[in-house]
Amino acid sequence: MAKKRKNGAGDGIRIGDKFLSLDGYLTKKPKTDASQSSSESPPTNTEAITSKEGVSAANEGLLTSRNGPSSEDKRSKPIGNPKFFEARQALPLWSRQDDIRQRLRQNDVLVLVGETGSGKSTQVPQFLIQEDWCQRKKVKVQGDGGTQEIAVGGMIAVTQPRRVAATTLAHRVAKEANIPGHGKKDAERHGPLSHGIVGYSVRFDHRVPKGTKIKYVTEGMLLQELLRDPHLRHYSAIIVDEIHERSVDVDLLSGFLKQILSGDKAGRGGIPLKVVIMSATANVGSIKNFFSESGEPEAVPEAHKTSVDFLQVEGRQFPVEITHTPKPVPDIQEALLSTLFKIHKQESLFDKHGRKDILAFLTGQEEIESAKRLIEEHAETLPQGVPKVVVLPLFGQLSMEAQHKAFQPTKDKNTRKIVLATNIAETSVTVPGVRFVVDCGKAKVKQYRPRLGMESLLAKPISKSSAIQRTGRAGREGPGKCFRLYTEETYESLEKTDLPEILRTDVLNAVLTMKARGIDDVLAFPLMDPPEFESVEKALLHLHILGALADDVSITDIGRKMVMFPVPPPYARVLIAAATPKNDCLLEVIDIISCITAGDDIFLQIQSEETKEEAEEFRKELWRREGDLITYLTTIQLYAAENADRVRWCKDRKLNTRNMKQAMNIRKQLRGLCVKQKMMEQPPADPQPFYPVNPEKAATILKCFLKGFALKTAILAPDNSYVTAHGKHVVAVHPASVLHGQKKEAIMFLEHVYTQKNYAKKVSAIEAQWIVEAMERSG
DNA sequence: GAGCACTGC
């Protein structure tokens, strides 16, 4: 039996769902699942899944039914490190391994629904690597130069939406799957992933030992591999994990997998590719249909029909009791305050499962900060004898240290932790010790509006599946309670799932991705949720303006070059413009793009008044009158020239150290790619002395950016507002910009977001004439 | 005067 987990211990906390699958190994399975224990409590995620008897052998009418696992299956004994056998055998998924193998022998696709802690991300690839169909095979294929013999298969790729999930899973599975003793010397020298059968590949970090059978990758990385290897010949199987998150990348990947599955497999020498789709939510009907339906039934010969099987396994969730408000709450802050203190007064601080802290989901930084003030004020009035509270904010723009505080157990035994978090705590990170969840029912979502070419960021009601996900956060370590600050009717009125990202973002990159991978008719490409025609049309037009597509909508050499760069297409276009001998500012442009694509703003917001003055004094040497882009350039150049203490340097200027490090990684990657593309010579290594760019050079750099962003320009109107050159909308310069409150003849902005107002971000001062020139030259 | 969250040879 698995050992009982020490509560509040540091094991694998805070790294998202994947790392928390450690729970699966260390936590004793609760005796009662929600479905059996909580007849009076509202349905939880667990119940929704287990109520269907756990398994459904929905065969989609395409295969013969079976009577459980085959008795002649000789591989039920684990391979790998015996140290982990016991823990692995205790996982809910373990007893299903023969079933899973059987289903995949008879089907092309298996849709597997299993909650966090079922062990699906770690175990399924290990179940499959010894299968006959999973072995590398030599086959003959027709190539350009006639018939050639190639090797197909042998590896399994497991995709993850986040880098940290891919790397932590790989480490975990390497420990389980590698035979101890093998390659010991390598392991001592280079770590556990230097040998053996498990590897990973994520941006900036690749560990793929010779002989790798299981490779954890980010979704984007597999898309990138598709560019070189359209038939995925290295792989016998692709496991798509966390498909319910529905990133643009996973949607595209699903389309390409569907094409490979329904194609004639000639590119793979007739060797089929197996696909396992894994999801945490039971709501997978449309995904099943997507893979089993062929677009045109008559056109597909019977032999190429894709057979899809479906399996559900129970997770390891403790029951969570849900309470809705009887009436809609007029004031969310007030409702939050009373709910938090009701929990705090009525509930004990500890029980046999450990700490009982509170996690509240709010929409954004502003709401979190004002709630924090209110709670702290109210906490002052708590009577003697009532435990204290400590309020910890948690959102993306917080510094690493501040985020870390929310994960640490409180030191004082008589204090309850209240974490006020954005959506970051829904999927990206896990706060340990949480047994109570308070859910405001809303989240800020980005939505792209193709007609306006801008996006909005507004608080909207969450989906049912998101509400269930939030609720589940209370039942990770023991039985929990969830308080929804909305009525049951409101819950029932919520959409089943969130709108997939591909329907919420600019499909510019998605369309170029397809074009570069040989999709001529992007409207015919199979997608689970195809974007509106207008969005695709807009993207095609935009790509044409950028020079990535020719008049006949075929991809150009510029377009092919653009997809080589891991940045959005307009930025890739700027890189290409900067590399021409006339402009010759590639290093500078790489520096700027690295800062911008490193994540959120590298400049942290300054919280208190006192630090503000100090930091602004330091920041003044970075500011440039040309605007934000040249300010970024100065910043990263000074950072790269700083040789003593870069962390200190960032702290003084209130820069996000994490993003600065990321920017330096991107800078290195882009420099490498540009050298490889013969766009420049190998640049000298850091640190280089800092010379501020002169105004002429700055103008050249901004003109290069106009090659990618000519549509995002505005001209100062007589009433001192900025009016966009295309569309004639009024935009305001965002307060975070160095050009906020200044009047310039014209501006170029890289981002255009509606929040409180129509804001232009990442703003530079330009001349109106440059806009005309940039459009002409694009011609 | 204001800041959901991820990601890419």
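Below, chain A is the first sequence line, B the second, and so on; all start at residue 1. The shown structure was predicted, so the numbers you read here are calculated from the model rather than taken from an experiment.
Side chain of A/Thr159 to backbone of A/Glu219: no donor-acceptor contact under 3.5 angstrom is found.
Contact check, A/Thr422 against B/dA5: a side-chain N or O comes under 4.0 Å of OP1 or OP2. Contact check, A/Thr218 against B/dT7: no side-chain N or O comes under 4.0 Å of OP1 or OP2.
Residue A/Tyr448 contributes atom OH, which lies 19 Å from atom C1' of B/dC4 at whole-angstrom precision. Here the P atom of nucleotide B/dA2 and the CG atom of A/Asp628 are 16 Å apart, to the nearest Å. Protein atom CD of A/Gln403 is 13 Å distant from nucleotide atom C1' of B/dC6, rounded to whole Å. The CG atom of A/Asn509 sits 10 Å away from the C1' atom of B/dT7 (whole-angstrom rounding). What separates CD of A/Gln662 from P of B/dC6 is a distance of 11 Å, to the nearest Å. Here the C1' atom of nucleotide B/dC9 and the NE2 atom of A/His234 are 13 Å apart, to the nearest Å. In this structure, the NZ atom of A/Lys446 is 14 Å from the P atom of B/dT7, given to the nearest Å. Straight-line distance from the CD1 atom of A/Ile368 to the C1' atom of B/dC4: 10 Å, rounded to whole Å.
Each of A/Thr513 and A/Val445 has a nearest nucleotide on DNA chain B; the 5'-most of these lies closest to A/Val445. Ranked by how close their nearest DNA chain B nucleotide is to the 5' end, A/Asn423 and A/Val567 are led by A/Asn423.
Nucleic acid contact for A/Glu225: none, since no nucleic acid atom lies under 4.0 Å from a heavy atom of the residue. Residue A/Asp601 is classed as having no contact, given no heavy-atom separation below 4.0 Å to the nucleic acid. The residue A/His206 sits apart from the nucleic acid: no heavy atom pair falls under 4.0 Å. A/Thr755 comes within 4.0 angstrom of the backbone, heavy atoms only, and of no base. The residue A/Val248 sits apart from the nucleic acid: no heavy atom pair falls under 4.0 Å. Here A/Leu457 lies in heavy-atom contact (under 4.0 Å) with a base.
Annotation for A/Asp529: atom CG counts as buried by contact number, over 12 foreign heavy atoms lying within 6.0 Å.
In this structure, the nucleotide among B/dA2, B/dT7, B/dC9 sitting nearest to the side chain of A/Met221 is B/dC9. Considering only the side chain of A/Leu673, B/dC9 comes nearest among B/dC6, B/dG1, B/dC9. Residue A/Arg228 places its side chain closer to B/dC9 than to any other of B/dC9, B/dT7, B/dG1. Distances were taken from every side-chain heavy atom of A/Arg162 (C-beta onward) to each of B/dT7, B/dG8, B/dG1; the shortest belongs to B/dT7. Across B/dG1, B/dG8, B/dA5, the shortest atom-to-atom separation from the side chain of A/His740 is found for B/dG1. Among the nucleotides B/dG8, B/dC4, B/dG1, the one closest to the side chain of A/Arg203 is B/dG8. With distances taken from any side-chain atom of A/Pro735 to the nucleotides B/dC6, B/dA2, B/dG8, the minimum falls on B/dA2.
A/Asp498 has no carboxylate O lying under 4.0 Å from a charged side-chain N of A/Arg246, or vice versa, which leaves the two without a salt bridge. With salt bridges taken as basic N to acidic carboxylate O contacts below 4.0 Å, none links A/Arg373 and A/Glu369.
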Using salt bridge (charged side-chain N to carboxylate O under 4.0 Å, His left out), reason through A/Glu245 and A/Arg162 one step at a time and then give a plain yes or no.
CA-CA 11 Å; A/Glu245 292 193 21; A/Arg162 279 170 291 280; 2.9 Å; yes
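The heavy-atom pair separating A/Ala598 from A/Ile666 by the smallest distance is CA-CD1, 3.7 Å.
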